[in-house]
Amino acid sequence: MAWARIDDGFHDHPKITRIFDRNPGAVGLLVFAISYCAKHETDGFIHAGTVARLSPIQSDRDEQVSVLLEEGALHKHEDGFVVNGYLDYNLSREQIEEKREIDRERKRAARNRKGGSQ
């Protein structure tokens with residue numbers, strides 16, 4: 001299971017409070033986007049079609065995305081967006097894969113030790 005990291009000061013960070021003051025739903029969309037990126041190991045990229053599923057009412061979504069872009073929480077990238085600073089707080093796909101491999105090796109070694117002592 002993947003985990004998204006959000007700073008415990010997220011709720012009162014000046015950028016987030018500006019976003020909330022302009023459009024509270026935009027903060028929700030940003031958190032959904034961060035969660036999506038963690039689950040799918042996208043290194044902070046989120047496809048525009050996914051954003052449409054996360055915020056299905058187009059007029060709301062257009063305003064939310066506009067606010068997030070203007071405040072620098074999202075950046076346009078080809079056919080979607082990148083969450084600003086995502087990799088500052090969350091592991092990259094490569095780091096996750098390395099961590100999983102280390103964990104597999106540790107478990108394999110533990111099984112071998114257990115099996116060899118019987």
Compare all side-chain heavy atoms of [X] with those of [Y] and state whether any distance is below 4.5 angstrom.
X   : Y   : result
D12 : I16 : no
F81 : V65 : yes
L91 : R5  : yes
K99 : I96 : no

For F45, does the CZ atom sit with more than 12 other heavy atoms under 6.0 Å from it, leaving out its own atoms? yes
Has F10 got more than 12 heavy atoms of other residues, nucleotides or ligands less than 6.0 Å from its CZ? yes
For the pair R18 and E71, evaluate salt bridge (charged side-chain N to carboxylate O under 4.0 Å, His left out) and give the outcome as yes or no after the intermediate values. CA-CA 8 Å; R18 283 193 310 271; E71 294 293 342; 2.7 Å; yes
Determine whether a donor-acceptor pair (N or O, by modelled atom type, separation under 3.5 Å) exists between the side chain of [X] and the backbone of [Y].
X   : Y   : answer
T17 : P14 : yes
Y86 : A38 : yes
Q95 : S92 : yes
R93 : E41 : yes

May I ask whether [X] and [Y] are part of the same hydrophobic cluster, defined by side-chain heavy atoms of I, L, V, M, F, W, Y residues being less than 4.5 angstrom apart, directly or through others?
X   : Y   : answer
V27 : I6  : yes
L69 : V31 : yes
V83 : L54 : yes
L68 : I57 : no

H13-D7 side chain donor-acceptor pair, cut-off 3.5 Å: no
Ignoring hydrogens and angles, state whether a donor on the side chain of S59 or E63 is under 3.5 Å from an acceptor on the partner side chain. no
Partners meeting salt bridge (charged side-chain N to carboxylate O under 4.0 Å, His left out) with E78 (sequence neighbours left out): none
Verdict with reasoning, D103 to K107, per salt bridge (charged side-chain N to carboxylate O under 4.0 Å, His left out): CA-CA 6 Å; D103 196 41; K107 289 177 183 178; 3.3 Å; yes
Measuring from [X]:[atom1] to [Y]:[atom2], what's the distance to the nearest 0.5 Å?
X   : Y   : atom1 : atom2 : value
H40 : S35 : NE2   : OG    : 8.0 Å
Q58 : D60 : CD    : CG    : 10.5 Å
N84 : H75 : CG    : NE2   : 3.5 Å
N90 : I34 : CG    : CD1   : 7.5 Å
E70 : N23 : CD    : CG    : 11.0 Å
Q64 : L30 : CD    : CG    : 10.5 Å

Nearest heavy-atom neighbours spanning A73 and I19: CB-CD1, 3.8 Å
Quick one, R104 with E101, criterion salt bridge (charged side-chain N to carboxylate O under 4.0 Å, His left out). Give me CA distance, side-chain angles, the key distance, then yes/no. CA-CA 5 Å; R104 279 192 293 274; E101 182 58 32; 2.8 Å; yes
Take V82 and L74 through the side-chain contact (heavy atoms from CB on, under 4.5 Å) test and state the conclusion after the steps. CA-CA 6 Å; V82 173; L74 290 181; over 6 Å; no
